[in-house]
Amino acid sequence: MSDAQQQAAGSGGQPSAEKNRYKDSLNLPKTGFAMKANLIQAEPQSLRRWEDARVFNRIQHVREQAEPFVFHDGPPYANGPIHMGHMLNKVLKDFVVRGALMEGRRVRFVPGWDTHGLPIEHKVMTELHEKGKTAKLETLAPEQRHMAIRRECATAATKFIGLQAEQMKRLLTLADYADPYYTLMPAYEGKVLEVFADLVDQGVVVRALKPVHWSIANKTALAEAELEYEDRTDLSVYVDFEAADRAKVAAAFGLLAEAPADAGEGDAEGGGEVEAEVDESRILDMTPSFMIWTTTPWTLPANLAIAVHERSRYALVEIDGNTTVMASDLVAAVAKKAGSEKVVVRAECDGAKLVGLEYRHPFCERKGRIVGADYVTLEDGTGLVHTAPGHGADDYRTGLKEGLPAYCPVREDGTYDDTVPAWLRGKSIWDANKEVTERLRASGHLFHDHSFVHSYPHDWRSKTPVIFRATEQWFVGVDAPMKRDGKTLRARALEAITNEVGFTPEWGRNRLRGMLESRPDWCISRQRSWGLPIPAFKTKDGATFLTSASVRAIAKRFSEKGSDAWFQESPAELLSHYDASKDPAAPAGLDIASLVKLHDIFDVWFEAGSSWNAVLRARGIGYPSEIYLEGSDQHRGWFQLSLLPAIGATGHAPFKRLVTHGFIVDKNGHKMSKSIGNTIDVEALLKEFGADVCRWWVAGVDYENDIRSDSEFFKVAGESYRKVRNTIRYLLSNLEGFDASETDSILSGIAPTSLEAWVLAQVASTQEAVRRAIAACSFREAQQAIFTLCNETLSSVYCAATKDRLYCDAPRSSRRRAAQAAMHRAADSLCRMLAPFLPHTADEAFRALMRDETACVHLEHFHTLVHACDARWSEVLALRELAHAALEKAKERGIENPLDAGIALPVSHHHLAEFAADLPDLFGVSRVILAQDQSAIEVIDLREEPRCERSWRRDGTVRVRSDGGMLSDRDAEAVGVA
RNA sequence: GCGCUAGUAGCUCAGCUGGCUAGAGCACACCCCUGAUAAGGGUGAGGUCGAAGGUUCGAGUCCUUUCUGGCGCACCA
């Protein structure tokens with residue numbers, strides 16, 4: 001205590017022992033709402049209470065007639081415990097759900113899980129492999145093997161769903177956990193097939209060839225995850241493909257430009273022929289070749305094109321007596337490798353000039369052509385890339401672009417079919433490597449060959465090398481016109497995202513557009529066990545049987561029996577709901593008994609992408625969803641692959657708005673990974689901070705971008721949470737004995753110039769801002785508004801200002817009760833604003849406010865608040881800033897305690913005289929006077945004036961009272977002494 | 001490599017269509033209070049706006065290049 005204070009206290013004339021003589025007469029704060037949240041223990045109790053009180057069901061019941069808010073959950077993949085990304089996503093979704101509930105809407109949010117797919121199957125297979133059970137699997141018939149694997153997968157998926165659901169509940173998310181959706185549910189599977197049937201109806205489902213990783217040993221397709229890369233030595237060959245027209249090559253390299261001809265380059269097609277005959281003898285004395293390089297000579301029979309990079313430079317080279325074309329930058333390297341002596345570059349041009357030229361296949365009777373591709377690099381080879389669309393991913397894409405078929409002359413056992421030259425038919429491709437090479441050498445097309453060691457994919461189980469092989473697959477064609485309106489899926493999808501869908505953030509629109517514009521047809525078939533079978537059959541004569549009616553019949557069967565039926569039932573049983581006579585698309589003379597089931601399954605994205613039908617429409621929740629809210633990776637995933645089936649089946653997008661969030665990265669902005677060890681464990685986080693603090697952190701995050709995260713950040717969120725909690729606690733602690741039913745009548749009588757009018761106007765505008773922000777998914781904005789209300793409006797200004805009247809006024813004084821009424825309303829509104837973000841804390845506070853342990857804020861909704869205050873309040877607040885500044889300055893004079901000071905206002909502020917009664921409280925000083933003789937705010941030193949023993953103020957009315965104490969008028973009256 | 005996206009005080013972020021000495025919260029420092037007390041209040045110090053060019057009377061804000069992150073380009077969800 002400073003000397004000045006001691007003096008001041010002393011001047012009151014009371015010994016310090018009796019300093020608290022009047023403390024018992026004060027109305028000090030009192031509440032059962034604890035300062036310490038103890039979330040780790042208390043939240044599970046809240047969960048139990050909500051469960052016991054059947055809160056979820058009551059909410060549904062109470063809102064039965066309310067306007068629905070359709071919101072659909074994207075299914076996470078059930079293959080492990082939840083991570084930070086799940087927490088972020090689920091909590092953000094919960095803000096949407098609870099925000100809509102607070103608006104009085106009816107929300108039935110059904111949590112879902114994606115259960116099929118490779119990750120689970122692969123995990124299960126790996127475990128079976130480790131337990132030595134795969135050998136036994138091999139002995140089973142194919143359908144029994146599929147079933148054995150499927151049973152294991154279903155068990156694994158169900159286990160993880162249970163785990164994840166518990167963790168999501170622990171995050172205090174509100175959802176229909178009693179009745180969730182899983183993609184493996186029979187009813188769900190049936191609804192997916194219905195979407196598929198709709199697409200068949202629209203004519204966009206097609207069967208076509210596409211190269212996949214193929215294990216010859218197991219005669220099966222493999223996924224990337226099932227590949228092991230090992231070094232392998234292959235024969236690498238440089239092959240000359242003879243140009244079909246030497247004059248056009250010469251023209252491409254500009255060698256004809258010098259010719260004294262009247263035909264310009266512009267009409268090359270017509271005039272070039274004549275000219276070429278004149279010039280070719282003069283300039284090119286032999287037909288040039290295009291030199292390619294490959295490590296898989298066995299794919300050469302399937303060569304249909306040669307790819308060049310349009311922006312690379314290519315050279316026409318004379319090398320060892322041949323004239324050939326290769327990338328300029330690689331001439332030296334190739335010459336060195338082949339040990340060539342004489343190398344002359346005749347001319348150079350851009351790759352773009354070569355595009356369109358034709359060449360003769362060295363041993364197949366056909367021509368190929370040069371095409372452009374941006375994946376061509378100048379790191380290896382010749383800069384001209386051998387392209388076999390049936391044997392490579394890049395090649396395939398190029399083939400699609402160029403209209404080339406995915407020609408694959410290799411059968412499933414790794415031997416050539418009958419479309420190749422006779423000397424290769426029936427031969428194994430591995431033997432063909434050498435044969436092809438020798439053939440090329442003999443015919444003079446082989447420029448050079450050598451052994452080449454490279455990393456090559458192998459089948460993880462048989463350890464044999466894998467090949468790329470085109471097989472028949474099912475596709476959803478994005479460029480096929482739909483029956484509905486003749487528009488393509490791509491065109492309609494682009495229209496929808498351009499005109500009918502909102503994006504948060506807005507750049508998502510652009511991103512999705514880019515993906516839709518460039519995406520190829522969607523390959524929806526997979527050659528695996530764990531998934532929804534594509535219900536196609538093979539007929540006796542080898543044709544594929546699948547019509548929309550047959551698909552619908554099987555959809556019905558699956559929804560009764562589950563998709564396991566595909567592996568357990570005969571075609572006749574599966575098609576028991578099918579009547580070929582009523583199916584115009586049925587092939588003539590269909591003999592169901594002789595059908596053979598095919599065993600492709602759906603891409604899991606097709607299942608997840610049909611959830612709008614399998615959940616929203618099937619359960620009568622509503623359609624479309626107001627929002628789909630997922631990580632930004634889902635532009636490629638769920639967003640796009642829900643859009644396509646929905647556009648196909650219904651003509652419209654399944655969502656009105658796409659909201660995306662970024663990824664959680666570590667505090668240095670790097671991605672989290674288990675191997676780096678910078679991950680944060682959600683369970684540990686919940687154990688240390690509790691769900692409400694974690695949710696408060698999520699609420700404050702700028703989720704549109706990457707989100708840095710570190711356990712330190714949760715401490716900060718905890719601090720902020722505590723500030724909010726304490727503010728509510730303080731409001732509650734002043735409501736002891738207050739009759740809430742008086743609130744309305746008290747508040748209807750307050751003056752616009754009163755502190756209450758001001759604070760309630762602030763509460764009302766904050767609540768409006770919060771509601772707007774939640775509706776816009778701007779949760780951070782909502783959180784900041786709430787925090788500012790607590791930290792500034794309430795804690796720093798209103799509560800500080802009303803402290804004196806609440807503590808020292810008579811309990812039933814009108815001033816005190818007005819403050820209590822305002823605090824009650826503020827606390828009530830705060831609970832509602834906080835309900836979406838802090839479900840536990842808001843509910844805890846709400847029960848304390850209602851003094852009713854059975855009350856639940858989550859059954860409530862926002863009340864519209866209409867509170868206005870005098871427009872001059874902004875001036876008053878500005879004046880408060882000035883007063884604070886003056887007080888700070890007065891500290892130099894030794895006036896350190898504001899209660900030792902008064903404030904004198906100059907004439908320029910006298911128009912605020914109506915507020916004068918509240919100004920001392922607002923400034924925190926003992927009194928405020930209106931001065932006539934000064935131009936600025938001045939601080940009056942009141943240290944010599946007597947101090948009220950009860951309120952500690954020096955308001956000018958302090959004197960000795962009948963009980964011997966020094967009291968101000970107000971305090972004397974409150975205590976009841978004269 | 002390509003598409004999308006971000007880089008503003010120690011930390012998390014505002015800064016709309018370019019315009020007064022670049023703002024907020026937290027943290028920090030100093031002070032007050034001790035009747036919200038493992039609380040509360042006041043004041044203050046922090047930034048060449050990733051870097052380099054350019055357009056302009058004027059740029060954090062527009063353009064170009066560049067550096068550093070993130071997401072996506074797979075039978076991974």
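Reminder, nothing fancy here: chain letters follow the sequence lines and each chain counts from 1.
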Asker: Does A/N897 put a side-chain nitrogen or oxygen below 4.0 Å from OP1 or OP2 of B/C33?
Answerer: yes
Asker: For a quick check of understanding: with a heavy-atom distance under 4.0 Å over all strands, which category does A/G669 fall into, base, sugar-phosphate or nothing?
Answerer: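 Sugar-phosphate only.
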Asker: Pairs in or reaching into residues 25-37 of chain A: which pass salt bridge (charged side-chain N to carboxylate O under 4.0 Å, His left out), with residues at least two apart or in two chains?
Answerer: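 Listed once each, the pairs are A/K30-A/E736.
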Asker: For A/D702, answer base if it contacts any base atom (sugar-phosphate contacts may also be present), sugar-phosphate if it contacts only those atoms, and nothing otherwise; contact means non-hydrogen atoms under 4.0 Å.
Answerer: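 If one applies the 4.0 Å heavy-atom cut-off, A/D702 turns out to touch the sugar-phosphate alone, with no base involved.
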Asker: Can you tell me how the ring of A/H116 sits relative to the ring of A/W530, calling it parallel under 30°, perpendicular over 60° and tilted otherwise?
Answerer: perpendicular
Asker: Quick one: label A/L26 by what it contacts on the DNA or RNA (base, sugar-phosphate, nothing), any heavy atom closer than 4.0 Å.
Answerer: base
Asker: For the pair made of CD1 in A/I707 and C1' in B/C13, what is the distance, rounded to whole Å?
Answerer: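 These atoms are roughly 13 Å apart.
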Asker: Mind checking if A/H635 touches a base, just sugar-phosphate, or nothing, with heavy atoms under 4.0 Å?
Answerer: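 The answer is nothing, as A/H635 stays clear of every strand by at least 4.0 Å.
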Asker: May I ask you to say what A/V212 touches in the nucleic acid, namely base, sugar-phosphate or nothing, with a heavy-atom cut-off under 4.0 Å?
Answerer: base
Asker: Just by distance, with hydrogens left out, do A/D600 and A/Q527 show a side-chain donor and acceptor under 3.5 Å apart?
Answerer: yes
Asker: Need one value for A/A800: base, sugar-phosphate or nothing, where a base atom within 4.0 Å counts as base even if backbone is also close, heavy atoms only.
Answerer: nothing
Asker: For B/C63 and B/A29, measure between their P atoms and round to the nearest Å.
Answerer: 42 Å
Asker: Quick one: label A/K210 by what it contacts on the DNA or RNA (base, sugar-phosphate, nothing), any heavy atom closer than 4.0 Å.
Answerer: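 It contacts sugar-phosphate atoms only.
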Asker: Between A/N734 (CG) and B/G35 (P), how many Å, whole number?
Answerer: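 That distance rounds to 15 Å.
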Asker: How are the rings of A/Y703 and A/F779 set relative to one another: parallel (under 30°), tilted (30 to 60°) or perpendicular (over 60°)?
Answerer: tilted
Asker: So A/R950, base contact, sugar-phosphate only, or nothing? Heavy-atom distance under 4.0 Å.
Answerer: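 Base, at least one base heavy atom under 4.0 Å.
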Asker: Has A/Y798 got a side-chain atom pairing as donor or acceptor with A/M823's backbone, closer than 3.5 angstrom?
Answerer: no
Asker: Would you measure the distance from the P atom in B/U65 across to the matching atom in B/G47 and give it in whole Å?
Answerer: 32 Å
Asker: With heavy atoms under 4.0 Å as the rule, sort A/S632 into base, sugar-phosphate or nothing.
Answerer: sugar-phosphate
Asker: By nearest heavy atom, map A/R708 and A/P898 onto RNA chain B; which one lands nearer the 5' end?
Answerer: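 Per heavy-atom nearest nucleotide, the more 5' residue is A/R708.
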Asker: For a quick check under 3.5 Å, do A/N678 and A/H670 share a side-chain donor-acceptor pair by atom type?
Answerer: no
Asker: Can you tell me if the side-chain N/O atoms of A/R722 get under 4.0 Å from OP1 or OP2 in B/G40?
Answerer: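 Answer no for this pair, as no side-chain N or O of A/R722 is under 4.0 Å from OP1 or OP2.
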Asker: Quick one: CG on A/L794 to OG1 on A/T727, what's the gap to the nearest 0.5 Å?
Answerer: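 Going from CG on A/L794 over to OG1 on A/T727, the span is 6.5 Å.
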Asker: Establish, with yes or no, whether the OP1 or OP2 oxygen of B/G72 is under 4.0 angstrom from a side-chain nitrogen or oxygen of A/R513.
Answerer: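 Indeed not, no polar side-chain atom of A/R513 lies that close.
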Asker: Starting at CD of A/E630 and ending at C1' of B/C76, how long is that distance when rounded to a whole Å?
Answerer: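 In whole Å, B/C76 C1' lies 16 Å from A/E630 CD.
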Asker: Taking the side chain of A/C808 as its heavy atoms from C-beta onward, which of B/U12, B/G35, B/A36 lies nearest to it?
Answerer: B/G35
Asker: Nearest-Å distance, CZ (A/F33) to P (B/A39)?
Answerer: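 In whole Å, B/A39 P and A/F33 CZ are 15 Å from each other.
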Asker: Could you tell me whether the side chain of A/R511 has a donor or acceptor atom within less than 3.5 Å of a complementary atom in the base of B/C71?
Answerer: yes
Asker: Using Watson-Crick or G-U wobble geometry with both distances under 3.5 Å, which nucleotide pairs with B/A36?
Answerer: none
Asker: Given the P atoms of B/U8 and B/U48, what is the spacing between them in whole Å?
Answerer: 13 Å
Asker: Is the shortest side-chain N/O distance from A/K723 to OP1 or OP2 of B/G40 below 4.0 Å?
Answerer: yes
Asker: Quick check on B/G58: syn or anti? Syn means the glycosidic torsion is within 90 degrees of zero.
Answerer: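 Because its glycosidic torsion lies more than 90° from 0, B/G58 adopts the anti conformation.
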Asker: Below 4.0 angstrom from OP1 or OP2 of B/G42, is there any side-chain N or O of A/R880?
Answerer: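 So the side-chain polar atoms of A/R880 do come within 4.0 Å of the phosphate oxygens OP1 or OP2 of B/G42, strictly under.
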Asker: Of A/R725, A/E719, A/K723, which is the lone residue that meets side chain to side chain donor-acceptor pair (under 3.5 Å) with A/Y721?
Answerer: A/R725
Asker: Under a 3.5 Å cut-off for both contacts, is B/G58 paired Watson-Crick or G-U wobble with anything, and if yes, with which nucleotide?
Answerer: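 Checking every strand shown, B/G58 finds no partner, since no pair has both distances under 3.5 Å.
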Asker: Measure the shortest side-chain to side-chain distance between A/L919 and A/L922 over non-hydrogen atoms and say whether it is less than 4.5 angstrom.
Answerer: yes
Asker: Between atom CG in A/L512 and atom P in B/C4, what is the gap in whole Å?
Answerer: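 Going from A/L512 (CG) to B/C4 (P), I get 14 Å.
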Asker: Could you please name the partner base of B/G46, counting Watson-Crick and G-U wobble pairs only when both distances are under 3.5 Å?
Answerer: none
Asker: Name the pairing partner of B/G72, where a pair is Watson-Crick or G-U wobble with both distances under 3.5 Å, or state none.
Answerer: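 Base-paired to B/C2.
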Asker: Tell me which residues in residues 782-796 of chain A lie within less than 4.0 Å of RNA chain B, going by non-hydrogen atoms.
Answerer: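 A/F787, A/N791, A/S795, A/S796 - these, ordered by number, are the residues of the stretch whose heavy atoms sit under 4.0 Å from the strand.
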Asker: A/Y730 has a side chain; which of B/U12, B/A36, B/G72 sits nearest to it?
Answerer: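 Of all the options, the side chain of A/Y730 is nearest to B/A36.
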Asker: Does one side chain, of A/W214 or A/E412, offer a donor that lies under 3.5 Å from an acceptor on the other?
Answerer: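 No - no donor-acceptor pair under 3.5 Å links their side chains.
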Asker: Please state the P separation for the pair B/G60 and B/A22 - nearest whole angstrom.
Answerer: 10 Å
Asker: Once you round it to whole Å, what is the distance between C1' of B/G3 and CD of A/Q640?
Answerer: 13 Å
Asker: Applying a 3.5 Å limit to both distances, which nucleotide forms a Watson-Crick or G-U wobble pair with B/G10?
Answerer: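 Result: B/C26.
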Asker: If you compare every side-chain N and O of A/K803 against the phosphate oxygens of B/G35 (OP1, OP2), does one of them come in below 4.0 Å?
Answerer: no
Asker: Looking at A/K23, does any N or O in its side chain come under 4.0 Å of the phosphate oxygens OP1/OP2 on B/G35?
Answerer: yes
Asker: B/U5 P sits how many Å from A/D706 CG, rounded?
Answerer: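 About 13 Å, once rounded to whole Å.
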Asker: Taking the C1' atom of each, how far is B/G44 from B/C26, in whole Å?
Answerer: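 Those two atoms are separated by 16 Å.
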Asker: With rounding to the closest Å, how many angstrom separate the P atoms on B/G19 and B/C62?
Answerer: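 Straight-line distance between the two P atoms is 11 Å.
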Asker: Just to be sure I understand the rule, does A/K671 reach a base, reach only the sugar-phosphate, or reach nothing, if contact means heavy atoms closer than 4.0 Å?
Answerer: sugar-phosphate
Asker: Identify whether any heavy atom of A/F663 sits under 4.0 Å from a base atom; if not, whether one sits that close to sugar-phosphate; answer base, sugar-phosphate or nothing.
Answerer: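 Touches sugar-phosphate only.
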Asker: So what does A/G662 hit on the nucleic acid, given a heavy-atom distance under 4.0 Å: a base, only sugar-phosphate, or nothing?
Answerer: nothing
Asker: Could you tell me how far B/G58 sits from B/G41 if I compare only their P atoms? Round to whole Å.
Answerer: 46 Å
Asker: Assign A/V701 to base, sugar-phosphate, or nothing according to its heavy-atom contacts below 4.0 angstrom with the strands shown.
Answerer: nothing
Asker: Could you tell me how far B/C71 sits from B/U55 if I compare only their P atoms? Round to whole Å.
Answerer: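 Nearest-Å result for B/U55 against B/C71 at atom P: 38 Å.
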Asker: Does A/Y807 have a side-chain nitrogen or oxygen under 4.0 Å from the phosphate oxygens OP1 or OP2 of B/A36?
Answerer: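 So the side-chain polar atoms of A/Y807 do come within 4.0 Å of the phosphate oxygens OP1 or OP2 of B/A36, strictly under.
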Asker: Give A/K36 one of three labels, base, sugar-phosphate or nothing, depending on what nucleic acid heavy atoms sit under 4.0 Å from its own.
Answerer: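 The answer is nothing, as A/K36 stays clear of every strand by at least 4.0 Å.
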Asker: What is the separation between atom CG on A/N38 and atom C1' on B/A38, rounded to the nearest whole Å?
Answerer: 14 Å
Asker: Is the aromatic ring centre of A/W952 closer than 5.5 Å to the centre of the six-membered base ring of B/G35, with the two planes inclined by less than 30°?
Answerer: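 Yes, A/W952 stacks on the base of B/G35.
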Asker: Can you find a side-chain donor-acceptor pair between A/Q473 and A/R526 that sits under 3.5 Å?
Answerer: no
Asker: Could you tell me whether the side chain of A/L88 reaches within less than 4.5 Å of the side chain of A/I664, counting heavy atoms only?
Answerer: yes
